[in-house]
Amino acid sequence: YAPPNLNQNITGPFGELRDIYKNGLGDNRRSYSYHKAISYLEKLPYQVTSVYQVKNAPSIGKSLQNHIQEILSTGKLSKLEHFRDDEKVKTVSLFGSVWGIGPSNALKYYEKGHRSLEDLRHDESLTRTQRLGLQYFEDINAKIPRSEANYVENLVQEIASAIQPGISVVCGGSYRRGKSLVGDMDMIVTHSDGTSHKGFLRRLIQRLKDIDFLTEDLLIGYHEELNDDAVDTYFGLCKYPGREQRHRIDFKVYSWEQYPFGLIAWTGNDVLNRRLRILANEKGYKLDDTGLYRTILYEKHKRHKVSKLKGARVICKNEKEVFEFVGHPWLEPNERNL
DNA sequence: GGGCCAATACTG
DNA sequence: CAGTAT
DNA sequence: GCCC
């Protein structure tokens, strides 16, 4: 799945702005607006040659229309040019694209006088994960061919099965959505007997380190077996035997009951996740990667503040039932590139 | 003018 | 607790 | 940023 994208002249600059707002300025909402517009534009079956063609497009309002108009008539986008010329914006945005460095620390490092990733490398105050993010900056940012993700999915499934028969490993994310290139690998793990997933991640990770597949840890979250709804999590880097190139890989282990929700959440895309959660909200439910729950309005005595709590869980045995329950038309994974 | 997904978990 | 990430 |  690799749509041609006939509007790269527009989505290119928009993509840069999206990254600047997200990584440099920490403005996720504005970044998300560009994200949605890009998503819409890159799937158009024709090239936009006049701003009238997007007059009524969803996610493209007054401001983005003006941007498109400017690109069509001048071939450039002054807003972006301005950012490009702004060393502070440019640098902070670059720093913020390092794994482990967010907008706040990106600014902090800039104000300390750093101007390049090389400068950053010499800073003593980097945390362990920031150092890793920096060390493998190129590797982490490199797209992964679909074939390699497929190989990893099979490899991990095989090893997982050997440890615990019946374990299921699925590679989610953009891989499951059918993309020909993926950013990272999101492995979703479960077991149909409802209990064998407990404590499994620790064993899997150990095994994957033994064979030199997992190389660096970024985040580990193992839980006690008593805690039923906690999700064991692992973020890290991996590589192929005989190769040094690292890839970002995540593991999430769900109970059989949570599995359909985990699968949806980790398959995405994020636009769909938000849409589903808003729909659930409107029906008086809360949706996340572990389940669908009745919303309980909880009136705090002080003030008129009303907060929401998770109530009774709705059982869904597969993704379809979740879509159906919240009232969203069913989408195959490869139709979820919204 | 104000909401915009949601909850959790790690790190320092 | 603030920051970061998913 | 978009959309009520």
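If you're wondering where the values come from, they're calculated on a predicted model, not measured in any experiment. We name chains A, B, ... by the order of the sequence lines, and we start the count at 1 in each one.
Phosphate proximity of B:dT8 to A:H223: absent, as no side-chain N or O sits under 4.0 Å from OP1 or OP2. The side chain of A:Y32 contributes no N or O atom lying less than 4.0 Å from OP1 or OP2 of D:dG1. Taking 4.0 angstrom as the limit, A:R277 places none of its side-chain polar atoms (N or O) nearer than this to OP1 or OP2 of B:dC5. Taking only side-chain nitrogens and oxygens, A:R29 comes nearer than 4.0 Å to OP1 or OP2 of B:dC5.
Between the side chains of A:S196 and A:D193, at least one donor N or O sits under 3.5 Å from an acceptor N or O. Side-chain N/O atoms of A:D123 and A:H114 include a donor and acceptor closer than 3.5 Å.
Summarising the geometry, the separation between CD on A:E282 and C1' on B:dC5 is reported as 12 Å, rounded to the nearest angstrom.
Rounded to whole Å, the P atom of B:dC5 lies 14 Å from the corresponding atom of D:dC4. When the P atom is compared between C:dT4 and B:dA6, the two are found 22 Å apart, to the nearest whole Å.
Contact annotation for A:L276: no contact, since no heavy-atom pair falls under 4.0 Å across all strands.
Which of B:dC10, B:dG12, D:dC2 sits closest to the side chain of A:S33 comes down to D:dC2. Listed nucleotides: B:dC5, B:dG12, B:dA9. Nearest to the side chain of A:R128: B:dG12. Counting only heavy atoms from C-beta on, A:K310 has its side chain closest to B:dA7 among B:dC5, B:dC10, B:dA7.
Around OH of A:Y52, the count of heavy atoms belonging to other residues, nucleotides or ligands within 6.0 Å does not exceed 12.
When A:D288, A:D289, A:I264, A:I278 are each tested for a side-chain contact (heavy atoms from CB on, under 4.5 Å) with A:N273, only one passes: A:I264. Of the candidates A:I159, A:I249, A:I205, A:F213 forms a side-chain contact (heavy atoms from CB on, under 4.5 Å) with just one, namely A:I249.
No continuous path of ILVMFWY side-chain contacts below 4.5 Å connects A:Y32 to A:Y21, so the two sit in separate hydrophobic clusters.
Interface limits on DNA chain C: the 5'-most and 3'-most nucleotides within less than 4.0 Å of chain A heavy atoms are C:dG3 to C:dT6.
Here the shortest heavy-atom pairing between A:I140 and A:R248 reads CG2-CG, 3.6 Å.
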